[in-house]
Every structure is written in structure tokens, then in C-alpha cells.
Amino acid sequence: MSAPPTRLEIVAPLSGILVPLDTVPDPVFAQKMVGDGVSLDPTSGELLSPVAGTVTQLHRAHHALTITTDQGIEVLLHIGIDTVELKGEGFTPKVSEGEHVEIGQLLISFDVDGVARKARSLLTQILIANVERVARFVPASGQAVAGKSVVLTLELAETAAPVETASGSAQTGEAISLPNPSGLHARPAAVLAAEAKKFKSDIRLLSGSAEANAKSVVAIMGLATKQGDVIHVKASGPDAAEAIRELSALLAAGCGEQPGEAPTTAPAAPVRAIAASADELVGVSASPGLAVGRIAHFRHEAIDVVEQGENPARERAKLDAALHDARGQIELLKCQLADPAKAQILAAHQELLEDPDLVDLAIAGLGQGKSAGFAWRAAFSQYAKQLESLDNALLRERGNDIRDVGRRVLALLSGIKQAQIVVPEGTILIAEELTPSDTASLDPKRVLGFCTTTGGATSHVAILARSLGIPAICGIDEAVLALGDGTQVVLDGTRGVLQCKPSETEVEAALERVVRQAAKRQEELADASAPAITTDGHHVEVVANVRNAQDAVDGVANGGEGVGLLRSEFLFDDRETAPDEDEQTAAYSAVAKALGPDRPLVVRTLDVGGDKPLPYLPLPREDNPFLGLRGIRVSLDQPQMFRTQLRAILRTAPLAKLHIMFPMIATLDELREAKAILAEEVGAMAIDASKIQVGVMIEVPSAAVMAEQFAREADFFSIGSNDLTQYTLAMDRGHPKLAKKADGLNPAVLKMVELTCAGARQHGKWVGVCGGMASDAIAVPVLIGLGVDELSVSVPAIPAIKALVRRLSLADCQALAQEVLQMSTAGEVRERLTAFAE
Ligand code: PEP
Ligand code: MG
């Protein structure tokens with residue numbers, strides 16, 4: 001009899017928000033090549049031990065380490081993405097290899113802001129490196145508190161019978177000089193271990209006198225190699241010679257990392273937030289866009305206040321009046337903001353004015369005979385300082401908000417008009433710090449862009465800049481403060497780079513780009529509400545891909561003629577339990593109301609499972625999650641959850657031109673089963689079924705091939721080109737090495753689109769595309785030519801796609817489609833479509 005599985009709980013090493021591993025913007029982690037687990041977006045800078053065990057590996061760059069528990073489970077912690085490139089800067093280890101640690105013990109402290117500025121991401125991975133020791137991973141979601149919350153629960157596998165040691169004498173390969181600039185850190189180690197596991201032989205890496213199991217990421221990292229180190233591959237077993245040959249070649253080629261890809265010794269490699277050259281200053285991209293203008297510096301004026309007050313009652317009255325007036329001023333500013341969501345930032349400022357602790361602190365000062373101004377300044381300064389001293393970047397940012405509100409009230413108490421930022425037209429504003437109010441009151445006609453030496457992408461200043469459409473860089477090199485007023489500069493908010501000494505040609509080129517981009521965007525936006533009709537009179541419906549009601553509002557404002565894909569799973573993500581029927585009804589109804597009764601709303605039923613697990617869904621671990629319980633298969637496996645969702649969707653029917661579609665349908669049986677359940681719910685609710693269209697997502701080749709049969713039983717098709725590409729080409733849509741080849745313009749995928757359209761046409765049904773191809777200007781002509789009737793695109797892309805359709809003729813698109821269908825490779829198709837677009 002087998003022993004019951006043992007559980008192991010992994011505790012949060014940092015505070016922050018948990019995110020699924022597959023959303024980490026680094027394929028090696030997202031693909032679980034280093035290990036399985038969870039990722040965390042940290043708000044604290046002290047990495048605590050998530051388990052008790054021994055530090056078996058601490059990377060030389062101090063950004064990653066492994067704790068091995070007494071049961072032998074290897075818990076690998078990796079702070080940030082590409083942080084190996086910082087070579088230890090900003091990280092202070094508090095333990096050393098071989099040391100035993102307890103849960104909650106401090107392992108590494110790091111400078112959250114500094115690392116955030118310089119690294120690609122702060123997302124911290126909590127991984128089990130020896131996944132074979134785990135039967136089931138249950139990652140948590142939501143907010144985690146360091147040292148307290150459980151972020152991952154493991155059901156341990158029964159210990160496997162000892163593997164037969166490979167027989168035969170060991171062979172050793174030739175010496176390889178490591179090309180990797182940062183040695184074999186997590187990424188190359190994961191690539192190497194994955195390859196090594198394909199061989200039966202026992203394989204070791206030899207580095208000097210050290211030796212590591214080549215199938216273990218942790219052991220490889222533990223070798224602490226660096227560029228130029230000499231490595232040998234040693235193997236014994238049936239495929240030893242082949243293993244040595246292949247792994248040696250892989251090592252020599254950099255294990256998927258180009259030599260110089262990770263900037264270290266290469267002198268030309270720029271590191272973010274450091275002046276890349278005297279002519280360029282680099283910071284954090286806070287708001288995208290390009291601007292050419294002249295520098296104007298801005299500094300807050302100091303406000304003087306007298307210390308002694310007249311009497312506490314009079315001073316209290318002055319304070320109350322100033323607080324009241326400040327609320328009124330903020331209200332006015334709120335009305336000037338176009339985006340109501342961003343006005344919430346200022347609403348939060350109004351709440352701060354009513355914060356009882358803050359106001360009580362000021363009143364206590366009045367009781368000691370201080371003036372209203374003096375007591376108020378002391379109170380908000382103390383309050384802001386408290387927040388700014390916290391080990392939490394987000395709360396520190398809020399310190400800026402308090403100083404902002406505080407200064408506003410202080411100015412009112414002193415009778416000083418707050419320094420308005422008055423600058424000439426064509427200004428690039430430079431400041432050490434801007435408050436949210438400063439930012440909200442910027443005039444985009446005069447201020448073309450701004451840079452601050454403080455703040456980051458999460459600051460309210462950055463959010464407001466994006467809402468105002470002003471390109472901005474935060475956390476820029478302080479050298480910016482030394483640039484003279486009137487200096488001409490080019491600000492690239494998208495890249496976070498300020499060009500300080502652009503040549504005349506560079507200025508001209510940038511200006512041309514600014515003008516071109518702006519004119520094009522303006523034109524497209526101005527025409528956004530007009531239908532997308534080709535030059536020969538063919539209407540293509542352009543609709544939006546949305547997650548919620550706000551997206552739907554934005555979609556309509558950008559000219560969307562409806563919603564072609566409501567990704568309902570966003571309502572199910574990131575929570576402990578499934579949303580109930582009422583909550584779902586409220587969410588779907590809000591989207592329906594944003595569209596009104598005449599615009600189509602296509603709701604996709606829950607599309608999760610396999611690679612997108614939900615914490616509260618008891619689904620088994622699968623070897624091939626993309627081929628397992630995913631999409632409609634989960635709904636059919638969990639009929640109660642499916643029925644709840646269908647009822648919630650059906651309850652919005654009176655508000656909308658409702659369409660329901662099922663994801664990842666592979667067989668007619670699946671469609672029939674889903675439709676039968678839907679029919680039962682429709683019947684029970686006495687709804688007029690003829691008003692609701694029921695569609696199938698075409699994401700699997702079997703559905704495309706059988707489109708004619710499906711079209712007999714479905715009202716419409718919507719092609720999920722992202723999945724259709726991965727399933728047609730058998731290439732994982734997120735695989736790091738296959739990304740370029742997994743191309744939707746491969747003629748094989750285009751043939752699937754053609755089959756789908758042909759099948760639909762035979763029964764007079766319509767076809768949409770809601771995958772990424774629909775938002776790709778290169779692909780749109782061929783999709784239209786193949787017979788696609790509706791394009792469901794990302795909200796910001798709507799005006800441009802509509803404008804593009806208006807420039808095309810259906811006849812040309814049809815000829816083009818026939819031409820590319822004859823081609824042999826995606827490369828040939830791309831080349832032809834690029835030429836067509838020019
Ligand atoms: C698709 O696969 O193209 C699609 C739209 O679905 P998702 O990207 O959500 O899987
Ligand atoms: Mg899909």
C-alpha cells in the first residue's frame with residue numbers, strides 16, 4: 001500500500017501580489033523550465049525564507065538562492081527578471097551557502113526602487129526546482145504577506161524507487177569555454193538541464209574541481225560559473241557519447257543565450273537608468289510617446305508660516321476653512337480630467353483631507369498654541385515621513401500624495417496662490433518631483449513631455465501622465481537637473497530615454513515622426529465612428545476584445561461597433577472562490593449597458609484549465625495541459641459552474657444583442673453537449689432563444705476542417721488565431737524557441753481560415769477573428785480576402801484597423817488571399833503582405 005501524500009506549505013518570502021507563473025514575461029520561467037511554482041510582484045525588499053532547510057545555492061549576483069528542505073525539496077527563489085545583469089548591485093545577502101535557515105529568516109535584503117529602475121521586472125519567482133518530487137502544485141492567488149501567507153501548497157510525490165545507476169565507464173567531452181556573460185545562471189541552466197533530462201545516462205558538468213548533476217538546475221547554478229570558465233561534460237550510460245556531443249554543443253552555443261545578450265563585461269551594453277552616453281539620459285518609461293521640445297525646470301516654492309497662533313478656536317476655524325477650500329479646488333481639478341478612473345486619484349486626495357489621524361494630529365498642535373499653518377505642516381510632514389520610511393514602494397509613493405495635499409492646504413492658509421506651472425509652449429518640463437496635482441493641472445498644449453528624477457511607473461504621476469497623453473520619464477538620471485533652460489531635447493517616453501544633444505538631423509527626424517504619428521492617430525480617431533467599408537463597398541465589422549465594462553466603454557469611444565470577445569475568465573481569475581451568479585450577472589450586464597441594446601455582445605464562456613488553472617478548481621495535474629482539460633472541456637467537466645455562468649449570461653439577454661460562444665471546441669459532440677445544457681437553462685428561464693446567437697470558437701484544426709458540419713449547428717464562428725496557430729503547427733504559443741516560427745501567417749494556418757470561411761458560407765453563417773491576427777495590419781487584407789466578416793481587435797487598435805479597411809478593396813484582398821494560399825512558407829507570405837501594405 002502506498003503512503004498518503006505528504007504536504008508542504010511554502011510561505012511568502014516577500015509581501016506583494018501573487019501572479020501565475022505563466023504570465024511572467026520571461027519564457028524560461030513562464031514555461032516552467034526552471035521549475036514550477038508561483039510568481040510574486042513584491043512590495044517589500046526583505047526576502048524571507050519560505051521553508052526551513054539549508055541554503056544549498058546562493059548566486060554570486062545575490063539575486064537568487066535555493067533552500068533545500070529536509071525532505072529534499074529544492075525551493076528556488078529568483079528576485080526579478082534579468083537581475084543577474086545587476087551583478088549584485090542593490091542586493092545584500094544575509095546568509096551563506098551551507099547555513100541552516102528557519103521559516104521567516106531574512107535571506108537577502110534588496111533595494112526595491114533601485115532594482116525596479118534597473119531591471120526588466122521585479123517579479124520574484126518561487127519555484128520548486130525538482131518538480132519530479134511533487135505530485136500536485138496548488139499556487140495561491142491575491143495578496144501575500146511576507147512570512148505569513150501560504151503562497152504554494154505541494155502534495156509531495158512518493159519517493160521514487162532509486163533509479164538504476166547507469167552502467168559503463170564514464171566518458172568526458174572536450175573543454176568548452178563558457179560564452180555566457182553571466183555564467184550558467186537560471187535561464188541557461190534551465191535550458192541545459194531540460195536537454196540533459198532527455199538522455200538516460202548519468203551526466204555531470206565538471207568545472208575545475210567541482211562537479212554538478214547536469215539534470216539539476218540548482219546543481220548547475222551551484223557551480224557558480226562565469227564567462228570564460230572551462231567546462232567539461234562527463235557521462236556514463238547507454239547514450240553517453242550522444243549526450244556529451246549534444247550538451248557540449250549546447251554549452252558552446254550559450255544554452256539559448258546569445259553571447260553578449262546579458263550585459264556584463266561587454267563595454268557597450270547599456271544598463272537601464274544609467275546614462276548610456278553623455279548625450280542620453282535614461283529612466284523609467286512612465287508614459288509612452290515621442291516629444292521634441294525645450295527644457296524648462298520647475299521647483300516648488302517654500303511656504304513660510306508663523307509658529308504661534310492667535311487662539312486655538314480661531315486657528316481651528318482657519319484650518320477647517322482651508323480644508324474645505326482645498327476639497328473644492330480638487331473637485332475642480334477632477335472635472336478637468338477626461339478619464340473618470342484617473343479622477344479617483346484626486347478623490348483619494350479629498351479623502352486624505354478627512355483622514356481623522358492626520359486632522360487630529362494637526363488639532364493637537366493647535367491645542368499647544370501653534371498656528372493653523374504650523375500645526376498642519378507639522379502634521380502632514382510627520383504623516384508623510386512615516387509612510388516614506390516604510391519598506392513598501394507603493395506606500396512610499398503615497399507619501400508624495402500627502403505632501404501634495406498638505407502643500408495645497410498650507411498655501412490656502414498662508415494666502416499664497418499655489419505656484420501654477422506656467423511655461424512656454426513646446427516645453428519639456430524637468431523637476432525633481434511633481435505632485436499629482438501639478439501633473440493633473442499640466443496643459444498638454446504647452447507641456448509636451450516631462451521628466452522627474454523621482455518616482456516610478458506605479459506612481460500616480462505616471463498614471464496621470466498616461467491619462468493626459470503626455471510622454472513622461474520618471475526616475476531619470478539626476479544629470480538632467482544640470483541641463484540649461486531652453487536646451488532642445490528629444491524625449492522618448494516609450495523607451496524612457498531623453499536625448500540631450502540631438503543633432504539637427506535627429507531633431508528633424510524626430511519631429512517628422514511626431515507629426516506623422518499624431519496626424520495619423522488624429523485622422524483615424526476622427527473617423528473612428530464611421531463604418532469600415534472597403535473602396536468597393538464591402539462592410540467589415542470592427543469590434544473590440546474586452547475584459548470588463550470599462551474596456552467596453554473605451555471600445556465604443558474608439559469606434560468599436562460592439563464586442564467580439566468578452567474574455568469572461570478575467571472575472572474568475574485572482575480570487576479564492578468562483579464568482580456567484582449575481583456577481584457574474586452584474587459584470588456581464590455592465591458590459592451590455594456600455595454597449596446598448598443595438599451593438600453585438602459576444603460573451604465567451606469560461607476559457608481556463610490546463611495552462612490556466614484556477615485555485616478553486618480541483619483539476620488534476622496534466623502532462624500536456626494544452627491538450628488536456630481546457631476551454632469548453634472544463635465547463636463540461638464542471639457542469640454546475642457552467643450552468644451558473646450560462647444563467648448569468650442569459651440574464652443580460654434583455655439588455656443586449658447577445659451572442660454566446662464556446663472556446664476550444666474540437667468535436668461536434670462537445671458543441672452538442674454544450675448547446676444541450678444551454679438549451680435547458682434557456683428553457684428554465686423562459687427566454688426567447690431565437691434572439692441569442694450561439695457560436696463556436698475555431699481554435700483547433702479539427703473544427704476548421706469540419707467547419708461545414710459545425711456550420712449546420714452553430715450561428716457563427718470566431719477564429720481564435722492564437723490557439724489555431726499553436727494547434728495547427730503543434731508549437732506552444734509561448735515557447736521561447738518557437739515564438740518566431742509559430743506564425744499565424746503560415747500558409748497552413750491560412751488554409752484553416754479558408755476552410756472555416758468556406759464551411760460557414762455554405763450555410764450562410766458569419767465568421768469573425770478574435771485572436772491577435774485581427775489586430776495585425778499586415779494580416780487584415782488576407783483575412784478579409786479569405787472571407788472573414790468581423791474583426792475583433794484590441795481597443796487601442798480599433799481606429800487604425802478601421803482606417804486600414806477603408807483603404808482596401810475586397811477584390812484586391814481576394815486576389816491576394818488566393819495568391820498567398822499557394823505559397824510555401826510563412827516567410828514568403830510575410831514578404832508578399834509587407835509589399836502589399838506599402
Ligand atoms: C485565441 O486563441 O486566439 C483567442 C482569442 O483566445 P485566447 O487568446 O484567450 O486563448
Ligand atoms: Mg484561445
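Whatever order the structure lists ligands and atoms in, that order sets their numbers, starting from 1. The model shown is predicted, which means the values in this text are computed figures rather than measured ones.
Any N or O atom pair closer than 3.5 Å counts here, and Arg630 shares no such pair with ligand 1. Considering backbone and side-chain atoms alike, Glu569 places every N or O at 3.5 Å or more from each N or O of ligand 1.
Formation of a donor-acceptor pair under 3.5 Å by the Asp789 side chain with backbone atoms of Trp766 is not found in this model. Side-chain N or O atoms of Asp527 include none that pairs as donor or acceptor with a backbone N or O of Ala530 at under 3.5 Å.
Within ligand 1, the atoms closer than 4.0 Å to a non-hydrogen atom of Arg567 are 4 (C), 5 (C), 6 (O), 7 (P), 8 (O), 9 (O), numbered from 1 in the order shown. Annotation for ligand 1: atoms under 4.0 Å from non-hydrogen atoms of Asp723 are 1 (C), 2 (O), 3 (O), 10 (O). Close approach to Cys770 involves these atoms of ligand 1, each under 4.0 Å from a residue heavy atom: 5 (C).
The pair Glu569-Arg604 meets the salt-bridge criterion, with a side-chain N (NZ, NE, NH1 or NH2) lying under 4.0 Å from an Asp/Glu carboxylate O. Under 4.0 Å is where a charged nitrogen must lie from a carboxylate oxygen, and between Arg672 and Glu713 at least one such pair does. Comment: Asp582 does not engage Arg647 in a salt bridge, judged by the lack of any side-chain N to carboxylate O separation of less than 4.0 angstrom.
Neither the backbone nor the side chain of Met664 has a heavy atom within less than 4.0 Å of ligand 1.
Ligand 1 does not have Met773 within reach: every non-hydrogen atom of the residue lies 4.0 Å or more from it.
The Mg ion (ligand 2) lies at the vertex of an angle of 90° between the OE2 atom of Glu699 and the OD2 atom of Asp723 (rounded to 10°).
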Task: Test log, rule salt bridge (Lys or Arg N to Asp or Glu O under 4.0 Å), inputs Glu819 and Arg832 - done: CA-CA 9 Å; Glu819 187 186 339; Arg832 176 66 187 102; 2.7 Å; yes
